[in-house]
**Student:** 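Starting off with a structure, shown below.
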Amino acid sequence: MHVVVCGKVIPDSSVTLEIDPDAKRMRRTDVPHELDPAAASALEEALRLTEQHGGSVTFVTMGIPDASVGIRRALAMGASAAVHLLDDAFAGSDTLGTAKALAAAIRQQPRFDLVVCATESSDSYSGIVPVQVATLLGVPALTFAKQVFVDGETVTIHRQSEEGYAVVTAALPALVTTTSGINEPRYPQLKGIMAARKIEIQQRSAADLSLGPDDVGDSAARERVLSVGAPPSRGAGRLIHDEGDGGREIADFLAQAGVI
Amino acid sequence: MPATQISYGFIPGQLVLLVAIAVGAGLFLRDALSLYRLMRVGGPAHRTDRPLERTRGWILNVLGQGRLLTRPYPGIMHALIFWGFVVITFSTVEQLGRGLWADFRLPVIGGSAPFLFAVDAFQLFVLVGVAMAFYRRIRVRPWYLNLTGDAILILSLISTLMVTAFLTEGFGIAAFPESGSQWQVFGTALANALAPLGFDVNRAGHVVSWWAHILTVLGFLAYLPHSKHLHIVTAPFNAWLRNLAPKGQLPYINVEEALEQEKPVGVSEIPHLSWKDILDTYTCTECGRCTSECPASITDKPLSPKDLILDLRRHVLAHGPALRFGQANGDADGAAGSGERAQRMVGDVITDDVLWDCTTCRACVDACPVFIDHVSKIVQMRRHLVMEESRIGKDLQTLFENLDATGNPWRLPRARRADWASAVGVPTLEEAPGADVLYWVGCFGAYDDRAKKVAGAFARLLQRAGVRFAILGPAETCTGDPARRAGNEYLYQTLAQQNVETLNAAKEAGIKTIVTACPHCFNTISDEYPQLGGSFRVMHHTQLLDALVREGRLRPEAAREEAIAYHDPCYLGRYHSTYDEPRHVLASVPGVELREIHPCREKAMCCGAGGAHAFMEEKRGRRINHVRLEQAMAVGPQRIATACPYCMMMFEDATSTKGVAEQLPVQDVAELLEASVR
Ligand SMILES: Cc1cc2nc3c(=O)[nH]c(=O)nc-3n(C[C@H](O)[C@H](O)[C@H](O)COP(=O)(O)OP(=O)(O)OC[C@H]3O[C@@H](n4cnc5c(N)ncnc54)[C@H](O)[C@@H]3O)c2cc1C
Ligand code: SF4
Ligand code: SF4
């Protein structure tokens with residue numbers, strides 16, 4: 001079974017993210033990057049499936065040169081190949097552009113039985129890309145999986161819902177998106193880290209994927225960001241020191257606010 | 001007149017003795033040789049450098065029984081038996097010699113008055129020692145000592161040896177008065193008592209007890225390799241071959257190279273141990289001193305350093321021979337025996353829990369009278385768990401990922417590393433090129449709210465004393481101590497290499513001394529970085545503060561009428577023998593009354609945070625920091641002082657869970673000094 005995992009490499013969670021007001025985007029240069037923890041879960045699930053049923057995992061990402069940190073991480077965890085969609089032409093892609101690039105890269109694989117994505121990315125979490133990819137590939141999309149099972153011909157998931165879960169089955173090839181709590185991604189073994197260094201990351205440009213300015217990049221984007229800004233900061237809270245009448249003060253305050 | 005002068009039937013006595021010696025010594029040599037060969041299954045260890053220093057320590061601790069005597073009762077007990085055996089061994093050789101040739105005499109001492117007297121006296125001393133040992137094992141029964149059959153057998157054999165020696169002497173002198181000497185004080189006294197029995201009885205008694213003595217000696221010899229008493233052979237070697245590397249230095253391994261050549265990066269099988277590790281296991285005397293001081297054992301966790309060594313010994317003895325056989329046949333895969341799967345050394349024999357319980361406090365290593373090194377074995381087995389198996393808990397995984405991503409344990413932004421310093425006006429090295437002291441802040445000092453206050457106090461003291469110092473700011477990154485001690489040598493080396501480069505550059509820029517308020521950083525930079533090409537003059541902040549107070553550059557004046565208990569951090573005390581400087585600083589504050597916690601100094605119990613435990617949940621047994629706090633509270637202090645951010649965290653956690661945080665504040669030595677300096 002050959003599984004393709006699509007995952008993002010995002011600014012490290014230790015970094016305070018900043019918005020570039022002119023470009024209306026997040027600043028991604030000069031900040032440390034890491035493999036999106038949501039993508040790590042998707043990869044973990046794929047690795048477990050191939051460990052059980054045999055096969056291999058290819059990791060695909062579209063991103064800036066710094067994304068290589070996360071790609072190495074994915075390889076260290078156990079992916080046996082990686083494709084990096086790296087081209088200035090991809091910059092400014094919207095979700096559909098991203099999905100087109102990913103789908104084209106997946107189609108170039110000699111074969112795939114399953115695509116695993118995280119339901120939504122941890123940095124911009126629009127949660128749209130995976131279903132777009134599935135549509136472009138013409139395979140069923142099984143989303144919000146909290147458990148995944150495969151047997152030769154089919155994939156079955158437990159689809160998380162508010163009340164519980166639904167059991168959904170589809171024929172392979174298919175695409176699955178995983179929820180964040182699905183597993184505990186492994187800490188890569190040192191052998192894996194070392195071996196990962198020897199694997200050559202396959203870089204693909206837009207041209208390699210036969211995609212043009214109408215498909216990807218800013219020029220193709222149909223979503224436009226009109227403005228970005230910080231959420232209004234909340235006013236400072238009021239601190240009540242309890243000197244015996246704290247309860248009353250709080251009650252008065254709540255009454256004033258019309259809550260009680 | 002030796003008992004071998006008599007013939008037994010047609011067989012001459014000498015021949016019987018010769019056969020007995022051949023059997024006893026033969027069995028001993030056969031088994032000793034196989035133990036030696038088994039030891040050679042282990043990997044290399046270089047332990048013959050600095051012979052003078054080795055010999056000096058050997059004289060002090062083997063001949064002088066130095067380490068043993070740190071505990072009076074068992075120390076004196078052992079010394080009596082040990083010194084007795086040293087003297088009596090000469091007499092035993094002489095007896096065996098005379099058994100073969102009637103007029104054999106040891107050169108120089110043989111038959112001399114002082115020798116005869118000494119043998120007599122020491123036989124008695126040994127009996128006293130054995131009586132003390134029986135009493136201790138049967139009546140006192142310390143919790144860390146097991147009453148094993150082996151121990152009872154050994155003590156009984158020693159008693160038998162001494163009693164038969166006295167009887168041989170007594171009966172012999174009674175039967176042949178001219179064979180005795182007045183210097184055999186006890187022998188002669190016994191002979192006088194036995195004389196009335198008449199010549200025949202005395203002669204027979206002499207013959208019987210002589211044979212009983214000699215056969216016990218030879219039987220003992222044959223039994224030795226199967227007993228904890230083997231230490232009488234191995235301990236002298238083990239002591240001479242002890243580890244002389246700096247105490248805080250773990251064994252180095254080139255991780256990348258080892259992985260490329262598919263060599264192990266940790267210890268998980270017998271051949272991964274060094275020959276010295278195997279010798280260590282042979283040498284354990286089962287005395288339990290290590291366990292009695294181990295914070296994990298004291299708080300009822302699965303780890304007992306004694307059992308760790310004994311379990312390894314059992315494993316080596318059970319599965320080593322097959323390995324040796326396998327090796328001889330060119331089968332190096334190391335599988336012990338065929339059929340069912342052998343027990344894994346790491347995981348089954350030594351469980352993961354046992355390995356993770358260790359705080360690397362080094363109490364065991366310091367306590368062991370025969371110089372066994374537990375900590376390096378534990379860390380090397382952890383290396384296997386971490387780097388080869390990835391068998392680690394969530395907390396350690398988070399720690400490693402955070403260190404890897406941001407160079408600190410909490411994944412806080414690198415750029416924020418010097419935030420604390422701007423409020424105090426501390427420059428970075430870039431901003432203060434003329435500095436000659438580098439203050440290594442460490443992750444706690446840089447990010448932890450409590451430790452930041454200590455960093456501020458220390459920095460202000462340096463300013464007041466006019467020290468030209470600077471910090472590295474964002475160029476500093478975790479020393480790698482928690483990673484290394486948790487077994488992630490690869491991550492450690494990545495972090496350390498970077499720091500060594502930074503520090504070497506700082507040295508070029510004129511930095512002469514590095515000072516740090518964290519004993520863990522202190523240890524790593526001073527003891528471990530030399531392995532990676534970084535040799536620096538490093539001071540702990542208490543050492544520098546002590547010097548500044550002495551030189552009059554800091555004058556503590558404001559009085560503090562308080563009883564303060566100082567807790568010794570392991571990596572400052574046991575690892576670097578720094579006990580007095582922090583106490584001097586505290587005592588320099590007028591009015592302070594120092595209270596010593598029991599145990600303190602060399603024997604101080606760990607706070608529970610070392611060996612990456614500051615970042616791990618304590619899941620088993622009682623809480624180490626609570627036990628240590630109780631020990632501190634027992635001496636009734638009004639304040640606790642320490643000199644380590646890890647200890648600070650553990651104590652504050654304990655005082656707040658016990659609800660005594662208000663009454664019993666915990667402070668760093670630097671904070672207390674600052675409050676007093678005017
Ligand atoms: C508020 C907002 C504004 C935006 N504005 C613009 C805009 O102005 N112009 C524009 O061009 N685009 C814009 N985008 C879209 C943006 O480019 C997408 O965020 C991006 O393409 C991927 O979206 P995501 O991370 O939210 O994907 P999600 O749909 O949340 O991603 C889900 C999963 O899809 C896979 N995946 C997604 N992206 C990649 C990738 N790069 N490589 C590999 N796998 C991937 C991963 O498995 C991921 O976990 C906007 C998005 C949002 C939410
Ligand atoms: S180093 Fe400390 S915790 Fe570890 S085994 Fe020794 S005494 Fe116990
Ligand atoms: S390891 Fe050392 S201290 Fe511990 S029981 Fe053995 S001999 Fe005693």
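Just so it is clear, the model here is predicted, and its values are computed rather than measured. First the proteins, then the strands, lettered A, B, ... as listed; each starts at 1. Atoms considered below: every heavy atom in the structure, side chains included; atoms not considered: hydrogens, waters and symmetry mates.
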**Student:** Is it the case that over 12 heavy atoms from other parts of the model lie below 6.0 angstrom from the CZ atom of F144(A)?
**Tutor:**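 Atom CZ in F144(A) is not crowded, with 12 or fewer foreign heavy atoms closer than 6.0 Å.
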**Student:** Answer yes or no: are there more than 12 heavy-atom neighbours, outside K453(B) itself, under 6.0 Å from its atom NZ?
**Tutor:**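 For K453(B), atom NZ is not crowded (no more than 12 foreign heavy atoms under 6.0 Å).
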**Student:** Can you tell me if K394(B) has over 12 outside heavy atoms packed within less than 6.0 Å of its NZ?
**Tutor:**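 Yes, enclosed.
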**Student:** Can you say whether E34(A) sits under 4.5 Å from chain B via the side chain, the backbone, both, or neither, judging by heavy atoms?
**Tutor:**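 It is the side chain, since no backbone atom gets that close.
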**Student:** If you measure from the Lys or Arg side-chain nitrogens to the Asp or Glu carboxylate oxygens, is any gap between E388(B) and K191(A) under 4.0 Å?
**Tutor:**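 No, E388(B) and K191(A) are not salt-bridged.
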**Student:** Could you check if a side-chain atom of E260(B) sits within less than 4.5 angstrom of a side-chain atom of M194(A), using non-hydrogen atoms only?
**Tutor:**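 Side-chain contact under 4.5 Å: no.
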**Student:** Is it true that R197(A) and E256(B) have a side-chain N and a carboxylate O under 4.0 angstrom from each other?
**Tutor:**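 Yes, charged N to carboxylate O under 4.0 Å.
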**Student:** Non-hydrogen atoms of chain B under 4.5 Å away: do they reach the side chain of R186(A), the backbone, both or neither?
**Tutor:**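 The answer is the backbone of R186(A).
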**Student:** State whether the number of non-hydrogen atoms from other residues, nucleotides or ligands found under 6.0 Å of E200(A) atom CD is greater than 12.
**Tutor:**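 No, CD of E200(A) has 12 or fewer neighbouring heavy atoms, counting only those of other groups under 6.0 Å.
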**Student:** Testing N488(B), L396(B), T398(B) one by one against Y187(A) for a side-chain contact (heavy atoms from CB on, under 4.5 Å), which residue passes?
**Tutor:**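 Only match with Y187(A) under side-chain contact (heavy atoms from CB on, under 4.5 Å): N488(B).
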**Student:** Please flag which part of L412(B) lies under 4.5 Å from any non-hydrogen atom of chain A: side chain, backbone, both or neither.
**Tutor:**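 Answer is backbone: N, CA, C or O of L412(B) sit under 4.5 Å from chain A.
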**Student:** Determine whether more than 12 heavy atoms belonging to other residues, nucleotides or ligands lie under 6.0 Å from atom CD of E662(B).
**Tutor:**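 No, not enclosed.
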**Student:** Quick one: pull up CD in E389(B) and CD in Q189(A) and give me the separation to the nearest 0.5 Å.
**Tutor:**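 Interatomic distance, E389(B) CD to Q189(A) CD, rounded to 0.5 Å: 6.5 Å.
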**Student:** For atom CG of D88(A), decide whether the heavy atoms of other residues, nucleotides or ligands shown that lie under 6.0 angstrom number more than 12.
**Tutor:**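 No, because the 6.0 Å sphere around CG of D88(A) holds 12 heavy atoms or fewer from other groups.
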**Student:** Output the option from L190(A), V69(A), D12(A), I193(A) having the highest count of non-hydrogen pairs under 4.5 Å with chain B.
**Tutor:**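 Looking at each of L190(A), V69(A), D12(A), I193(A) in turn, L190(A) comes out on top.
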**Student:** Is the number of heavy atoms from other residues, nucleotides or ligands under 6.0 Å of E430(B) CD greater than 12?
**Tutor:**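 Not buried by this count: 12 neighbours or fewer within 6.0 Å.
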**Student:** Indicate yes or no: does E401(B) engage R73(A) in a salt bridge with an N to O separation below 4.0 Å.
**Tutor:**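 Salt bridge flag = yes for R73(A) with E401(B).
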